[in-house]
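As structure tokens, the structure follows; a few thoughts come after it.
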Amino acid sequence: MGRETASNLETAQAPESGAGLRAARRANLKRLLAPRRIAVIGGREAEAVLRQCDRVGFQGEIWPVNPKRDSLGGRPCHASLAELPGVPDAAFIAVPAPVTVEVVRELAALGTAGCVCYAAGFAELGAGGAELQSRLIEAAGEMALVGPNCYGLLNYLDGVALWPDAQGGARVERGVAIVTQSGNVGINLTMQDRSLPIATVVSLGNQACLDFADYVEVLAGDERISAIGLCMEGLSDVAAFSRAAATARAHRVPLVALKSGSSDLGKRIALSHTASLAGAEELYEALFARLGVLRVPSLDALVETLKLFSVTGPLPGRRLALMSCSGGEAVLGADLAGEQGFTLPPFSEGQAAELRGQLSDFAVVSNPLDYNTAIWGDPAALERCFTTVLRESFDVSVLAIDYPRPGVDGEEDWDAALEAYLSAAKTTGTTAVVMSTLTELLPESPREKAIAAGVAPLQGLLETMTGLGAAARYGEWLEQDLAGEIALPEPGPEPKDAKALDEWRSKQALAHYGLVIPEGDLVEAEDAAEVAGALGFPVALKAVGPDLVHKSERGAVVLGLDSGPEVAAAAAGIRQALAGTPAGEGPLLVERMVQDAVAELIIGVKFDPQFGLALVLGSGGVLVELVGDARSLLLPASRREIIAALDGLKVARLLAGYRGRPEGDREAVLAAVEAVARFAEAQRGRLLELDINPLLVRPRGKGAVVADAWIKMAQE
């Protein structure tokens with residue numbers, strides 16, 4: 001075969017924009033994931049790649065490159081890239097960091113689609129390494145570059161292992177993709193003994209040229225990928241990831257995320273309650289909820305959730321049937337199922353009558369069903385029982401079964417129960433899961449039998465219910481009409497020279513957008529009593545100043561004043577408490593108090609450099625951080641998202657009329673939140689932070705009033 005060069009290959013024109021460059025790299029990523037010709041550059045690690053390629057059955061050509069060795073892994077070495085017999089589709093580079101840059105530059109000139117850069121010593125080291133990484137990015141151009149500082153990629157669909165270490169995967173025809181920032185996590189996941197079919201593993205490393213968004217975008221378009229697992233510490237481009245998640249939704253490929261680590265993003269602003277409630281983790285939760293990304297708490301839960309999607313897919317609802325030969329397991333499972341939002345409906349009268357006829361007199365026929373050991377080991381009786389349960393309209397059925405440890409006892413009776421259940425699932429056509437309460441008590445043989453029958457074998461009681469909850473959420477999310485609702489975050493630059501507005505000016509700005517503020521006026525201290533009398537008692541008296549965020553802590557507010565003398569005394573007290581400060585000499589705000597509040601809420605907005613504007617809705621008052629009852633939404637937010645956030649709060653019970661108390665004006669709350677969102681959108685690029693605390697919610701039909709407000713924004 002003659003040597004090809006970039007000049008006689010079809011190449012795209014150099015992209016003129018970041019979007020064009022990204023598109024070119026993604027196109028090359030497809031070729032990198034399934035190459036036919038691979039160059040392996042380096043020594044020990046390069047030789048390990050050769051072994052792994054042989055192990056997974058790579059059928060293409062492999063060209064080792066090492067000027068100091070005649071052979072590598074039993075293959076003859078080429079002294080340089082210039083001596084290769086053709087242009088490689090992919091390359092694995094295991095040379096020192098400075099040399100890596102030049103190798104990448106030469107590969108790009110050849111027309112190589114992509115490469116894995118194994119070497120460390122780039123941006124992870126700080127400023128010096130970051131400069132070298134910038135040179136690496138420039139050298140790569142349109143190439144799909146994985147890393148640097150990474151293990152690389154494994155493709156068990158096509159038999160590709162650009163991977164310099166041990167890995168435990170095997171060839172599959174269809175399976176899940178794993179995209180992880182940690183190479184060691186990737187290794188460990190390939191070693192799992194859970195019957196999870198892994199199609200692809202990618203170790204991202206420093207994400208110099210490609211990040212989570214790029215891999216999701218490309219992998220979601222492969223019909224052989226059933227779900228994508230993401231092991232991440234954070235995202236480098238929230239908007240790009242949002243677009244990629246929309247692509248995954250279009251292909252109905254679930255994204256399951258295990259997010260670890262913490263971030264300082266959003267912690268620089270500390271004056272308001274909003275900043276303390278809307279940290280980076282809360283904003284990731286809001287992003288994932290909007291995009292339908294299913295967050296799980298552990299690697300075990302990640303594996304089981306991905307396995308469920310690989311076998312059964314999303315669930316159509318939350319009606320669950322649970323069966324066990326042990327009452328204890330049944331109750332534990334029911335408790336955890338309830339925590340995931342499942343219901344366990346009672347059996348129909350006919351169904352219950354049949355089950356009573358099939359089971360012993362001491363069996364309690366209910367859901368969950370303890371079918372006890374009276375029919376244990378009787379395949380026909382077990383199949384009749386399971387079929388009776390499964391034929392009703394449950395969204396998913398679960399059979400708990402824990403196999404003995406090998407060598408302890410025979411497995412015949414357990415096999416009989418499993419096979420009866422698989423037969424019942426086939427007869428009824430229902431979505432079925434078999435579950436071990438402990439992860440190690442479901443061996444490979446029964447797992448493989450279940451998978452062959454289309455029944456997901458899940459391991460661990462908690463992990464099973466976590467996976468089922470994720471599958472139900474994804475099913476519900478797919479059913480939502482999200483046309484026009486998946487709005488992309490707009491981070492933008494942080495507003496410059498932002499200054500705080502005092503309470504009076506903040507309230508006036510919000511009133512312009514339709515929020516209701518109390519009757520009141522800004523007055524001199526000596527006029528406060530007279531103005532209070534004209535307003536009508538009781539009143540609140542407050543100092544006003546841009547730095548007075550937590551007034552009660554500084555003695556800058558007095559509530560429940562019922563007479564002129566009380567107002568005069570309060571004014572003197574505020575002056576004394578704030579003596580020597582600008583607010584101590586300034587005007588005072590006197591307002592008529594709202595006396596019929598049903599609940600207090602907080603509505604806030606903060607700018608985050610990664611997510612843009614975020615809105616916070618929660619229980620308000622002076623104990624807002626202690627209560628911690630809040631939900632975060634990214635702006636723009638739909639009314640559906642706002643309603644879901646409000647309904648998810650503990651304070652929603654007060655709004656519904658708790659223990660005979662009046663119902664709160666829910667519509668007024670929604671209107672207030674939407675007004676704040678409109679204000680924030682109108683001030684995008686200027687608004688840094690906003691705090692309404694509390695919003696006093698009055699009885700239904702009487703509205704909601706902004707009792708206190710604080711805004712920090714750049715001035716026009």
Side-chain angles (χ1 to χ4, degrees), residues 175-180 185 188-189 192-198 226-232 248 253-261 281 284-285 287-289 291-324 328-344 368 394-402 431-442 447 450-451 455-478 648:
V176 304
I178 306 289
V179 184
T180 172
V185 167
N188 293 340
L189 286 171
Q192 53 81 31
D193 184 17
R194 303 286 191 88
S195 297
L196 174 66
I198 297 178
S226 56
I228 300 174
L230 307 171
C231 299
M232 62 171 62
V253 176
L255 303 179
V256 185
L258 174 61
K259 186 188 176 300
S260 60
E281 287 304 302
Y284 271 105
E285 289 286 353
L287 179 71
F288 289 166
L291 300 177
V293 177
L294 306 162
R295 190 170 185 179
V296 293
S298 67
L299 281 171
D300 286 331
L302 178 71
V303 168
E304 299 307 314
T305 302
L306 291 172
K307 190 196 306 180
L308 179 62
F309 279 120
S310 73
V311 179
T312 67
L315 296 180
R318 294 180 181 267
R319 291 167 51 86
L320 183 145
L322 175 60
M323 293 171 286
S324 171
E329 292 172 353
V331 172
L332 288 171
D335 288 344
L336 291 173
E339 292 176 8
Q340 291 292 335
F342 286 96
T343 61
L344 281 78
F394 294 106
D395 297 307
V396 61
S397 67
V398 179
L399 175 68
I401 184 169
D402 290 285
T431 299
V433 166
V434 60
M435 168 191 75
S436 65
T437 57
L438 296 178
T439 57
E440 64 269 27
L441 299 185
L442 193 57
R447 293 197 308 261
I451 291 173
V455 173
L458 303 185
Q459 296 166 255
L461 186 56
L462 179 60
E463 291 80 7
T464 295
M465 293 305 168
T466 299
L468 290 172
R473 292 197 305 277
Y474 190 68
E476 292 164 351
W477 189 74
L478 287 177

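Below, each value reflects all heavy atoms present in this structure, side chains not excepted, and no hydrogens, waters or symmetry copies.
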R473/E476 salt bridge by N-O under 4.0 Å criterion: no

Exactly one of V293, L255, L294 clears side chain to side chain contact (heavy atoms under 4.5 Å, CB included) with F288, and that residue is V293

Would you check, one step at a time, whether the test side chain to side chain contact (heavy atoms under 4.5 Å, CB included) holds for L399 with V455? CA-CA 10 Å; L399 175 68; V455 173; over 6 Å; no

I need the L442 CG to Q459 CD distance, nearest 0.5 Å. 5.0 Å

Looking at every non-hydrogen atom in both residues, tell me the closest pair between I228 and L306 and how far apart they are. C-CD2, 4.0 Å

Point-to-point distance, once rounded to the nearest 0.5 Å, from SG of C231 to CG of L302: 5.0 Å

Between side-chain atoms of residues 432-441 and protein atoms elsewhere (two or more places apart, or another chain), which donor-acceptor pairs fall under 3.5 Å?
| unit_1 | atom_1 | unit_2 | atom_2 | d |
| --- | --- | --- | --- | --- |
| S436 | OG | L438 | O | 2.7 |
| T437 | OG1 | D402 | OD1 | 3.1 |
| T437 | OG1 | D402 | OD2 | 2.8 |

Rounded to the nearest 0.5 Å, what separates atom CG in L196 from atom CZ in R447? 10.5 Å

Nearest non-hydrogen partners of G333 and M465, listed with the distance: O-CE, 3.7 Å

When you measure from the side chain of R194 to the backbone N and O of E304, does any donor-acceptor pair fall under 3.5 Å? no

Quick check: closest heavy atoms across L189 and I198, and the distance to 0.1 Å? O-CD1, 3.3 Å

Ignoring hydrogens, what is the shortest heavy-atom contact between T466 and P297? Give both atom names and the distance. CG2-CD, 3.9 Å

Evaluate the criterion side chain to side chain contact (heavy atoms under 4.5 Å, CB included) for residue pair L458 and K307; output intermediate values, then yes/no. CA-CA 8 Å; L458 303 185; K307 190 196 306 180; 4.1 Å; yes

Walk me through whether V303 and L299 qualify under side chain to side chain contact (heavy atoms under 4.5 Å, CB included). CA-CA 6 Å; V303 168; L299 281 171; 5.6 Å; no

Using every non-hydrogen atom in the two residues, find where P314 and L478 come nearest and quote the distance to one decimal. CG-CD1, 4.1 Å

Value for OG1 (T431) from CG (L320), rounded to nearest 0.5 Å, stands at 11.0 Å

How far apart are the closest heavy atoms of A334 and L322, and which atoms are they? N-CD2, 3.6 Å

Who pairs with F309 by ring-ring contact (aromatic ring centres under 6.0 Å, His included), at least two apart in sequence or on another chain? Y474

Could you check L462 against L336 for side chain to side chain contact (heavy atoms under 4.5 Å, CB included), going step by step and ending with a plain yes or no? CA-CA 7 Å; L462 179 60; L336 291 173; 4.0 Å; yes

Kindly compute the distance separating OG1 (T305) from CG (L258), expressed to the nearest 0.5 Å. 10.0 Å

So, does R318 use its side chain to make a donor-acceptor pair with the main chain of Q340 at under 3.5 Å? yes

